[in-house]
Each structure stands twice: as C-alpha cells, then as structure tokens.
Undergrad: 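Sending over a structure as structure tokens; questions will come in a sec.
Treat the numbers as computed from the prediction; the structure is a model and nothing was measured.
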Amino acid sequence: MSQETGAPAAPAEEQPPREDEEKQEDQAGAPERQRQEAWAARKALIQHGPSYVMSLDRTTSATQVGRDQFGVSGGTVHGNVNNYFGVPADDTEHFAGVVPAERTAQLADVFRGCPSFDEALGRLRTDRVVVLSGGRDSGRRSAALMLLHRVAGGTVRHLVQPGSLSALLARLDDAAGYLLLDFVAPRSNPLRESHLLGLRDRLERSGGHLVITVEPSAALDDVPFIRWEPPPAEEMLQAHVTSRVGEAAWPELRGLAAVKEFIARHHSPAAIEKFARRLVAVHCGEAGEEDLTVFTEQAVEAQVTRWLTDDQRELRDKAFLLSLAVFDKAPYAVAAELADVLYAGLQHTADPRQSPVIPVFGSSREDRLGLAHARGYVGTEVTQWGIVGQFIAEFREERTAKALLEAAWNIHPSARPALVKWIKLLADDGRPLVRTRAASAAALLAEADFSSTMAHLVEPWADAPHPGSWLTAANALTLAHLLGVETVLPVLREWCTGEAERRRWTAIRAYGLLGPVVPEETLDVLLNAVPPDPVDEEDEPTEAGRQFADALELLLLAVRERVLGALADRLDRERTVRTYACLAFLQACKQTEEPGDRPLVLHWYADAVTAGDTSTARHLTTFWKALLADRVWGDEALEVLRSWVRRADGMPKTEAALAALLQRITAEPPNDLRVGHLLRTLRDSRVAPSPTAARLLDHLSGR
C-alpha cells in the first residue's frame, strides 16, 4: 500500500464519502451499473489492452500593458500604461545574422533530397518564395537552408520574426537568399496569398529568394505551401556515415543488428546525425555495439523531453501527445476527443483564470500525427456489436508511449492533478476500450512510481463503492505485474486476507486474471482465502460468493487442466470449496469464444476425448454430476444443458461431443431421469421441437 505522506485536505465536494453515504450510494447506484461477467471482462481487457496483455492468453488581444499598473479605481489608472493596437512596434534589427558558409557547406555534404524537397525547389525557382510546412523535429530548417543554397548560392540571411509578412518588405535588400524560420501565423491573423505577392514582386526586383518555415498548425488560409516530408532514415544515416568513413564501410555497418533496428523506427534528423557519429565511433573501434542500443533508448527519452519542455509547442499539442500515449494503437478519434478533455485540465493547472480555447476545426489529422511522430492506418476495433473499421493511430517508435507517461508523471509532477482526474474520467467512460486504457495507463504509471500511483489511482478505485471501479483497479494491478512490477503480488496477498471487502474483491479478481502467469500461487492464495458464506438464506449467491466464483471461473477457463484437477479433488472433501467450484464451473459452461460458437467447456471435453485424455474427461464429468446433484445449482445446470442442446441443432460436432458427455453423466440415477425428461421436453416442444434432442434421446436409450 502507499507509503506517501498525506496530501492537504480536499475541498468539501472532493472529500471521500462517509461509510453511511457509501452504503446509500451503493443502493442508489446499483440499478445503473450492470454487473459484467468475469469472462467477458477478461476478453475486454485482452481485446482493448496493450500488446503485452496477450500473455494472459491490443486570438489574443492586441492590448499590452507595460511597466507599472497598480490598479484601476474611479476611472483613473495609476501607473504608466502603454497600449499597442494592431502590429507591435517594428524591431530595430531586421536580420538575425548571416548563415556561415562553412555550415552550409557541411550540410550540403550530407543532405539528401526527397520528393517534397524537389517540389519545393521547383516552386522556389519560379515563385521566388516558398512556404515550407513541417514538424519541429522534421529537419525543415536544414531543408530550407539547402533550398536557398541550391537556388541562390550566395549570402543567406536569417530574418527576425516580424509582426506580419507585410513588415518584411522593408527588410529585403540585395541578399541572394532569406530564411524566415518558425513564422507564427495565428488564426486571428492568417497568412494570405496577397502577402506573398508583394514579397514576390520585391524579390524579383532584387533577384533574391525567400523560404518561410511554419508549423503544420499555422493558419495559411489560401497560401500555397509545401508539406515537408524528410527522406527515409536509412538514406540520411548513410549520408552522414559515408561522408566520414567512405562508401565501402557502409554495407558492413548497415548489417549490424542495432543499425537495422534503428532505421526500422522513426527518428528525427538530429537524432540520426548523433547516431551516425556513434556508429562511426564503433567502426573506428572507439565504442562498442552495445553503445548503439543505449543511444536508441536515450534518443526516445530525449525526444520526449523536447516535446514536453518546448515552450513553442502549444499545451493542446502536449495534451494530445499524452492522450495518444494512453490510446496508442487505438482509434485516432478517441485519442483526439479525450486529448481535449486532458487539455482543459492541464490549462486549469497552468492558469485557473483562463478558460481553454479548443478550435473545433483546427489542425488536420495528418498534421497532428506528424507532430507526434505517429502514423495512421485503417484497422479494426472489437466492439460488443462486432468488429468495426476504424482509423488507428500509433507512434512510429513503440517506446514513445511509455516514455511520455513516465516523463509527465515523474519529471513534470505538476501535471499529476490533471492526469489523475483525467484517468479517473476514463475509468468511468461507457466504452470498454477507454476503461481498459485507463487501467493500462495506471499500470505504466505504477511502473514509474508505484506508491504514488497506488495512492492517487489504484487505492481510490479499490475503495470506491462501485464494482466497476474495483475491476479497473484489478486490471491495473494485473497489467502492472505483467510489466514486471514486483510489488504487485505482495499487495494482492495482503488484500486477499485483509478486512477491507472491496480491496479483497479487487485482489481476488486480479488473481483470477493472473492465473495463467502465476497458476500455483493463484490457486493456493484463493483456496486459503475462501469466504465462509457462498449463498444467502434464499439460496442466492452472495456478492462475495460471486466474486470468488468469478476468479475460479477465470482460472478454469484460462489455466484449465491444473485447476480442474485441483478443484475436482476437493469436491467431496471441502464443502465450502465445492459450492464455489460448482458455481464457477456453472458460469464457465455458459461461455463461448464468440456468439454462436460451441461452448468452451463442451469444446474442452470433446478435445479431451479425441486426445484420449481420460483424466480431464473424468474430471469434467465429475463436475457435471456434482452440478446436477447440487441443491442450489442443479436446476440452473439443467438450463445450461438445455441451451447446449439447442445450440447443437445444425452443428454435428457439437452434437457428437454432447452425446458423449451425456452418456457419461446419465450413467446412474437420478441424472438419467432428469436429463431424459429435459430431452423429451425439447423433442416434443410445440413451439420449436429440437431434432438434436430426439437423436440424443435415441442415443441414450440404445446404450
């Protein structure tokens, strides 16, 4: 459990409810929350969780106030007030400096062209001015400089950021090339083609050329622009390496495993240049190959640090990065929708007085993915209505998601309040995908800082009055263990034997999910933590009874033979275990892989018979006999058999498996009479007679 010191008291509306209030909330909220079956919840976790979960079985105002302003009273302003309306006063210096010729020559030796560069080059030659739109880490600055080098070849001057493009006219003299980097074009004052026409006339008279670089989010209105897409990583890496060691060394260096892995992923041109230097050092014997692997990991962390600390990157873009980290390999629309919710929370932390402004029709999908070094593709999503097509977004570098969440949580803890509130909102969402990703996000944060994540997320979920929150806590702990967080199992053991019923439920469900990973410990802990009263006075299973049976059901279906044998041996020796085991087996008999498929337990029995596994077949038969003889579950077991017979109509394989099972079950009374009555009822039904029931009855009568 968390070892952190207590936080300041929450406001009244955020204080945890008292025990009597929680009981009222339990009763009031019960009709609104449908209890999800354990097997269905497990399938949702696997379908919507991260890939590693498969181991269980993916315009501002132009007014500026300067100097002292002490307040306004009686219509009188005390202190100096300077009001600037329209464009701010022009800079006294027009140029930031001349690009050194040595730097241009060095860049020309390693620069490689690409289709977008060739397109921009042609337009610069004809129009004399080009707007290059690209991500901050895409190499757009180098591309702009090379465009001017190829066309102008003479002096290239950096221009200071102007208030508007019209202010540039007075700054253009007789230089061969001009470079205006990171021009800001807000939506309140977009860049228009009319601005470029005046610049083009001025450049034609002076013989100069101008390249302007902008963010993909810049408002360009009707301005033609080139979207910058850098060359492939392999081409850039080869250029940097061969310029230092020659072409002959490249094939051997290209064959190194670390190099293959590096070029298969997405990297910024700056990271490629640094990796090239490390690769040259390996070639010269100054470093080992292991340094290349370390560099790749450090490059991801460095990229994430630049994203989160870049003052020029909008807070909304950073919120999208964090949202995509949670919804990596999930529908883009979900990540973008919930990113704006996170942005509102982060904005409140940054400045509670300023309401977040969300442009409804802002940057394009491609631009946002480009800024995040992500790609999109048409894929599928599993829903309760079946598989549907979706536009999926994922980071090109798979380690980015984890690095982003860890950095935001540990390096920038000021983001924690907004992140915690946001993840809790995700856990209450109506979509299984979103709820599952809330748990996976908590697992990643637990790997980064276990105690804080337990205090902020997992323990509040486990202590909440709703079973849905307990399930989220169980999923989070399950995923955290799969990530290698060693402190998870001690927490589960403590909760399993503790007095807090909600945490006990959470731990039992988590153990049920972890059964395939730690089967021996799971079964041992669960059987030593059996609740005493599985049913109430009306022979209905208590909530504690269902929770425990759910965990055993998951173990039966996921681990199978080892759990089946252990429980079958206890049916006649331990009465309480027998009751729970029968309920778990009954619930398991209702499950199918997909709607309309053969029941999982019946399929299990058929496989055992086919493989000659007499032990498994005997244990399954023993469970069925115990079910039919059980005072509490016997009638419901007959209903399950009835559904199996109905399902077997038109399915010969299912009918054959059912015939073999029924022959074993009805070998002795009174099961022969009860099953015989069931089959005759189905055979003689006036509404929908079952042909399978008739054949099964004949089969049993003729033995």
Undergrad: Any donor and acceptor pair, going by atom type alone, linking the side chain of Thr453 with main-chain N or O of Leu445 inside 3.5 Å?
TA: yes
Undergrad: If you measure from the Lys or Arg side-chain nitrogens to the Asp or Glu carboxylate oxygens, is any gap between Lys590 and Glu636 under 4.0 Å?
TA: yes
Undergrad: I'd like to check Phe585 versus Val601 (side-chain heavy atoms, cut-off strictly below 4.5 Å). Are they in contact?
TA: yes
Undergrad: Check Glu501 with Arg504, please: is the shortest side-chain N to carboxylate O separation under 4.0 Å?
TA: no
Undergrad: Quick check against the 3.5 Å criterion: does Gln591 have a side-chain atom that pairs as donor or acceptor with the backbone of Gln587?
TA: yes
Undergrad: Walk me through it: do Arg509 and Trp470 pass the test side-chain contact (heavy atoms from CB on, under 4.5 Å)?
TA: CA-CA 9 Å; Arg509 172 56 66 87; Trp470 310 341; over 6 Å; no
Undergrad: Which atoms form the tightest heavy-atom contact between Leu404 and Leu321, and what is the distance?
TA: CD1-O, 3.6 Å
Undergrad: To the nearest 0.5 Å, what is the distance between CD on Glu639 and SG on Cys589?
TA: 13.5 Å
Undergrad: Taking the side chain as everything from C-beta on, heavy atoms only, tell me whether Leu45 gets closer than 4.5 Å to Leu479.
TA: yes
Undergrad: Is any NZ, NE, NH1 or NH2 atom of the basic residue among Arg416 and Asp449 found under 4.0 Å from an Asp or Glu carboxylate oxygen of the other?
TA: yes
Undergrad: Taking the side chain as C-beta and beyond, is there a heavy-atom pair between Leu433 and Pro331 under 4.5 Å?
TA: yes
Undergrad: Is Arg493 salt-bridged to Asp524, cutoff N-O under 4.0 Å?
TA: no
Undergrad: Taking all heavy atoms of Gly430 and all of Arg435, pick out the closest pair and write down the distance.
TA: O-NH1, 3.1 Å
Undergrad: Provide the closest heavy-atom pair for Ala626 versus Leu571 in the form atom of the first, atom of the second, distance.
TA: CB-CD1, 4.3 Å
Undergrad: With side chains defined as the heavy atoms from C-beta onward, is the minimum distance between Val609 and Leu661 less than 4.5 Å?
TA: no
Undergrad: Assess whether atom NZ of Lys625 is packed by more than 12 heavy atoms of other residues, nucleotides or ligands within 6.0 Å.
TA: yes
Undergrad: Walk me through whether Lys421 and Val341 qualify under side-chain contact (heavy atoms from CB on, under 4.5 Å).
TA: CA-CA 10 Å; Lys421 184 178 180 180; Val341 179; over 6 Å; no
Undergrad: Of the non-hydrogen atoms in Phe548 and Leu527, which two are nearest, and what is the gap between them?
TA: CZ-N, 4.4 Å
Undergrad: Taking Arg503 first and then Glu494, would you say they form a salt bridge - that is, a charged N and a carboxylate O separated by under 4.0 Å?
TA: no
Undergrad: Is a donor on one side and an acceptor on the other found under 3.5 Å between the side chain of Ser440 and the backbone of Arg437?
TA: yes
Undergrad: Supply the atom-to-atom distance Asp613 CG to His619 NE2, rounded to the nearest 0.5 angstrom.
TA: 9.5 Å
Undergrad: Distance from Thr616 atom OG1 to Tyr605 atom OH, nearest 0.5 Å?
TA: 11.0 Å
Undergrad: If we ignore hydrogens and angles and just use 3.5 Å, is the side chain of Trp422 paired with the main-chain N or O of Leu338 as donor and acceptor?
TA: yes
Undergrad: Is a side-chain donor or acceptor of Glu397 paired with a backbone partner of Arg399 at a separation under 3.5 angstrom?
TA: yes
Undergrad: Kindly determine whether Arg598 and Leu658 satisfy side-chain contact (heavy atoms from CB on, under 4.5 Å), including the steps that lead there.
TA: CA-CA 10 Å; Arg598 182 164 49 173; Leu658 189 54; over 6 Å; no
Undergrad: Nearest 0.5 Å, please: how far is CZ in Arg646 from OG1 in Thr654?
TA: 15.0 Å
Undergrad: Looking at Ala549 and Ala584, what are the two nearest heavy atoms and their distance?
TA: O-CB, 3.4 Å
Undergrad: Does atom CD (Glu561) have a neighbourhood of more than 12 heavy atoms from anything else shown, all under 6.0 Å?
TA: yes
Undergrad: Could you state the interatomic distance from SG (Cys496) to CG (Leu526), rounded to the nearest 0.5 Å?
TA: 6.0 Å
Undergrad: Would you sort out whether Arg42 and Leu557 count as a side-chain contact (heavy atoms from CB on, under 4.5 Å), showing the intermediate values?
TA: CA-CA 11 Å; Arg42 177 185 181 274; Leu557 292 176; over 6 Å; no
Undergrad: Do Ser643 and Arg647 have side chains that approach each other closer than 4.5 Å (heavy atoms only, starting at C-beta)?
TA: no
Undergrad: For residues Leu679 and Val675, determine if any side-chain heavy atom of one lies less than 4.5 Å from a side-chain heavy atom of the other.
TA: yes
Undergrad: Can you find a heavy atom in the side chain of His481 that is under 4.5 Å from one in the side chain of Val518?
TA: yes
Undergrad: I'd like to check Leu554 versus Tyr511 (side-chain heavy atoms, cut-off strictly below 4.5 Å). Are they in contact?
TA: no
Undergrad: When rounded to the nearest 0.5 angstrom, what distance separates CG in Leu514 from CG in Leu555?
TA: 9.5 Å
Undergrad: Identify the heavy atoms of Trp461 and Ala473 that sit nearest to each other, and give their distance.
TA: CB-CB, 3.7 Å
Undergrad: Below 6.0 angstrom between ring centroids: does that apply to Trp644 and Trp624?
TA: yes
